[in-house]
Amino acid sequence: MEIRCGSVTMPGEGITVAISRVSGLPFPKAKIYVDSALVISAVALSYLFFGRWLWNVVGVATLFAMIYVGLAVKVIIAVR
């Protein structure tokens, strides 16, 4: 859990906030899109540099989190 203070704690969150504000896209959807793009980039770069998917870098939990976190944010925002 985080305290809402208006500052950004991680670069991935900053990108999400910026895209959400500029495009008018709701934050939870922007979060899912940005997280998915980052994970897809990591997997693509893994294939490019190593010729295979490095499961110890981008594993099952990362794939799960790229969708689940956005959905959890959506639920939390709806409850507020």
Side-chain angles (χ1 to χ4, degrees):
M1 300 300 287
E2 292 183 22
I3 296 173
R4 185 175 183 185
C5 62
S7 69
V8 177
T9 58
M10 297 182 294
E13 298 304 313
I15 293 170
T16 305
V17 170
I19 289 173
S20 176
R21 287 185 183 169
V22 170
S23 69
L25 199 63
F27 181 80
K29 277 190 176 183
K31 177 77 174 144
I32 292 171
Y33 294 155
V34 169
D35 286 354
S36 298
L38 291 172
V39 170
I40 290 167
S41 298
V43 171
L45 289 171
S46 176
Y47 276 109
L48 179 69
F49 290 114
F50 303 108
R52 62 188 174 93
W53 184 328
L54 298 177
W55 282 96
N56 59 336
V57 175
V58 179
V60 176
T62 304
L63 298 175
F64 175 75
M66 77 180 182
I67 303 296
Y68 175 75
V69 172
L71 295 175
V73 169
K74 186 177 187 177
V75 170
I76 290 170
I77 289 175
V79 171
R80 285 190 326 153

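Quick caveat, the model's predicted, so the values are computed rather than measured.
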Heavy-atom closest contact ([X] atom, [Y] atom, distance):
{"X": "P28", "Y": "G70", "answer": "CB-O, 3.5 Å"}
{"X": "A42", "Y": "V58", "answer": "CB-CG2, 3.7 Å"}
{"X": "V69", "Y": "K31", "answer": "CG1-CE, 3.5 Å"}
{"X": "I67", "Y": "S36", "answer": "CD1-OG, 4.1 Å"}
{"X": "D35", "Y": "M66", "answer": "CB-O, 3.8 Å"}

Joint hydrophobic cluster, [X] plus [Y], side-chain heavy atoms closer than 4.5 Å:
{"X": "V43", "Y": "L38", "result": "no"}
{"X": "L54", "Y": "F64", "result": "no"}
{"X": "F50", "Y": "L45", "result": "yes"}
{"X": "V22", "Y": "I19", "result": "no"}
{"X": "V60", "Y": "Y68", "result": "no"}

Interatomic distance, [X] atom [atom1] to [Y] atom [atom2] [nearest 0.5 angstrom]:
{"X": "I40", "Y": "L63", "atom1": "CD1", "atom2": "CG", "value": "10.0 Å"}
{"X": "N56", "Y": "S46", "atom1": "CG", "atom2": "OG", "value": "8.5 Å"}
{"X": "S20", "Y": "Y33", "atom1": "OG", "atom2": "OH", "value": "12.0 Å"}

Original post:
Is there side-chain contact between F27 and V73, with at least one heavy-atom pair below 4.5 Å?
Top reply: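 Of all side-chain heavy-atom pairs linking V73 with F27, at least one is under 4.5 Å.
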Original post:
Is there a side-chain contact between T62 and V57, using heavy atoms and a 4.5 Å cut-off?
Top reply: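 The answer is no; the side chains never approach within 4.5 Å.
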